Amino acid sequence: MTSEATVLNSTHSDPLKADQLKAARQARYSPGQSAHKFSLYLYPLVALALLLLVNVLLDPQFFSLQWQDGRLYGPLIDILNRSAPVALLAIGMSLVIATGGIDLSVGAVMAICGAVCANLLLLGDWSFPAVIGLAVLTGLACGLVNGFMVSYLGIQPIVATLVLMVAGRGVAQLLNQGQIVTFQNPDFAALGSGSFLGLPVPVWLVLLALLIMQLLLRRTALGLFIEAVGCNAKASRYLGIDDRGIKLTVYLLAGGCAALAGIIATADIQGSDANNAGLWLELDAILAVVIGGAALTGGRFSLPRAVIGVLIIQTLSTTIVVSGLPSKFNLLIKALVILLVLMLQSELFRNQLKSLLSFGKARGGKV
Amino acid sequence: MSESINNAAKPVLQLRQINKNFPGVKALQQAQLSLYAGEVHALLGENGAGKSTLVKVMTGVLQKDGGELLLDSTALSFATPKDAQQAGISTVYQEVNLLPNLSVAHNLFLGSEPKRFGLIDKKAMAHQARQLLSSFGLDINVTAPLSEFSVAVQQLVAIARGIAPKRGAARTKVLVLDEPTASLDADEVQTLFQVLRQLKQQGVAIVFITHFLDQVYQISDRITVMRNGCFVGEYQTAQLNKAELIAAMLGKELSQQRHQTPCLAVEHSEAILSARQLSSGQSVQQLDLDLPQGQAVGLAGLLGSGRTEICRLLFGLDQADGGTLSFAGSPIKLSNPAHAIALGIALCPEDRKTQGMIAALSIRENISLALQAKQGWWRVLSKKKQQQLADFYIEKLQIATPDADKPIGQLSGGNQQKVILARWLAVEPQLLLLDEPTRGIDIGAHAEILQLIRQLCQQGMSLLVTSSELEELTAFSSKIVVMRDRKKVAELSGEDLNPDRIMAAIAGASV
């Protein structure tokens, strides 16, 4: 129970109290609330800024941008460009995690969709939009399978999507008949390496996906329903929300996002490598969502924060390269820095840090 | 050790001028409490009065912002619950905090198991557990998993765990019981009280928090009343009558809400819902039920008699497998809650925590969700519309909160219930099913909810209200349906609407 200082009935007998209450209500967004919202963005942004700062110290040219052949070049643009596939995965993953689930299969789905694109392009008699459309449909179908297993068969998300994580790469290998399938198609390749208004096409695709998803989730009640189901699926059902349908939808959307990521990755190398496309990227996506401050138990989500999480991970990878350390240190350093970011975000850790700093004082007050 | 209560004696625990602030709320202002060894001290107040906050300060869960805490005349402050335990203050919370899959003995000694060669000595542990429980008059198989026992036994085990000697800790001097009787039946309450009397004789000071005033008079020696986070008064139980006590808790005389005439806005109104021979597996059998428009029908019966199951059935949570159901004149078959809501039926479920509120979401979102779900996800309620809804119901139902953005999980029980009610009122249903709407909420909110039920009837809404409190049912019901063993056994109206007749119907001929 909490500490409502106001007893209901006394509002009648105590006009002063009632006034205070009303005044408090009128200040709709109390400082406490917005401060909380601010701090959710604060820690990921501070982490990102610090990483960028380290980079600029290591390489004074880090922030430099060049304009060449109608497009921007520079380390920052590289980071944005390289972030694109994981950013798309993280957008879908945010929704799945918001319902308390997880999708381990998105990396494999990238490989499947990449293989679909490469093989259709190789056949040659499919138009550009048809290839894209079929690849996206493939991703949605994978999401449907995941969603059906989770919401209608009641299989644990981690197990259900593990099935497709393993099987999906097998499907991709079958499609490619064990080979790396390459193709020549400048239109399609532009999706990975082209540019538009000075920025790489993948960056635009991420922005477009982010915009569409934000509109879909926040301009309708879908986002709220996802959060409600994630917080308390049973109560949501009692409210008349179709909790199974919502769960199915988030896996579907995650599958769609993975398909887009797969298209970008395939276009980038102008080929489909079933063994390596999207390998382990699901883990980066999960990590990005967590760095963005989401709880794996479900509930509130924020797509922009997940994308900031992706930028942190990608900037870190770049930093390690820029620093000139032998590449064998990469994974270890990445893990350590991410651990630090997560610890900074943990309120428990911050409080412990605080009490550690004021240890002597606290000790003095005790017997 | 067994000193009698004697004001000359030093209190074992004293809280003085305790302040505690949460963002936007002064939870405790100059709160105080004095406990003497060997007394049962009732800590009373409405939900949100600050009882739990005071207890949390006392047990180290929260840190006080001001004031002092004296244990045996020594000023202390507890940084963690463990500190408080070490000093001899034990707490048993409302929800039993035990591990149902472990044995009774394991639960009793978790973390301080008797060891032999570094391993848990199960034999010794079972022996000690039996000894401890037998002092409570409890003779059970201590090696069986806790989940096999009734809630009452589990509660007693929790108390036994609270006073069991712990390694490196002082003897239990103060035992805090937060609503220990909420889930117990009358016999079980008496067993618990016997144990409390024993502990009293051993010189333990017991803080007893409850909503049941009768129990306060049965067991407590002294009473401290809180209101609005402030200390109201400290009384000898024997010298304070019930009306005075209620007045102290509410800050005014409680107008006697009981025994009002049933609300009959429309005489002989049409039935909005009728069930004929409605059955659902084993849970409801051949139910005939008519719910007249603009009236409240009471649903009485013991726990497990089929009351909740009827509500579930009428809300589409369970499916009927026999009989017919008609709503507003046309036959219906409910397949899910969304279907029921679309027709104009709403259910305020029994278990607020798991079935009702979405704890992390704000009051505003919790109020608007049902209406939003009814409209469909693509027709969004704007934030402004949500805010209007929330403001309207916060005002109308007098929900105590600084603003609508506060997560519902941070409200007190009565206020949470009002938010859930507001959620369904926003949908404007024709039939509202209320399953135990007043469970676990304070007297003030209780009276307000009864008042609301009457108002809704007058506005033409039909209600079906389940309650274990028979007097409460008679306060608004036009008729009362009595359930026993999944079957309807009586339908009382008119002269028969009194607790004695209901009780007789519940008990049936077999008793």
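Please read these numbers as outputs of a predicted model, since none were measured by experiment. Chain naming here is simple, since letters A, B, ... match the order of the sequence lines and numbering starts at 1 in each. These numbers come from the heavy atoms of this one structure, side chains and all, not from hydrogens, waters or symmetry mates.
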What is the minimum heavy-atom distance between [X] and [Y], and which atoms define it?
X	Y	value
B:Trp377	A:Leu216	CZ3-CD1, 4.1 Å
B:Ala338	A:Gly240	CB-O, 3.6 Å
A:Arg300	B:Ala360	NH2-O, 3.9 Å

Worksheet item: Considering only heavy atoms, which portion of A:Arg219 lies under 4.5 Å from any heavy atom of chain B: side chain, backbone, both, or neither?
Response: backbone

Item to complete: Would you mind checking which part of A:Tyr238 comes under 4.5 Å of any heavy atom in chain B, side chain (CB onward), backbone (N, CA, C, O), both or neither?
Response: both

Is [X] atom [atom1] crowded by more than 12 heavy atoms from other residues, nucleotides or ligands, each under 6.0 Å away?
X	atom1	result
A:Arg218	CZ	yes
A:Ile158	CD1	no
B:Gln375	CD	yes

Quick check on [X] against chain A: is it the side chain, the backbone, both or neither that has a heavy atom closer than 4.5 Å?
X	result
B:Leu361	both
B:Leu317	side chain
B:Arg379	neither
B:Gln355	both
B:Gln386	side chain

Fill in: Selection from B:Thr354, B:Leu347, B:Asp351, B:Asn336 maximising heavy-atom pairs under 4.5 Å formed with chain A
B:Thr354

Worksheet item: Among B:Ala87, B:Ala370, B:Gly376, who wins on heavy-atom pairs under 4.5 Å with chain A?
Response: B:Ala370

Worksheet item: What residue among A:Ile241, A:Leu224, A:Leu239 forms side chain to side chain contact (heavy atoms under 4.5 Å, CB included) with B:Ile358?
Response: A:Leu239

Worksheet item: Any donor and acceptor pair, going by atom type alone, linking the side chain of A:Asn232 with main-chain N or O of B:Ala359 inside 3.5 Å?
Response: no

Practice prompt. Could you grab the distance from atom SG of A:Cys231 to atom CD1 of B:Ile408, nearest 0.5 Å is fine?
Written response: 11.5 Å

Item to complete: Report yes if some heavy atom in the side chain of A:Leu222 is under 4.5 Å from a heavy atom in the side chain of B:Trp378; otherwise report no.
Response: no

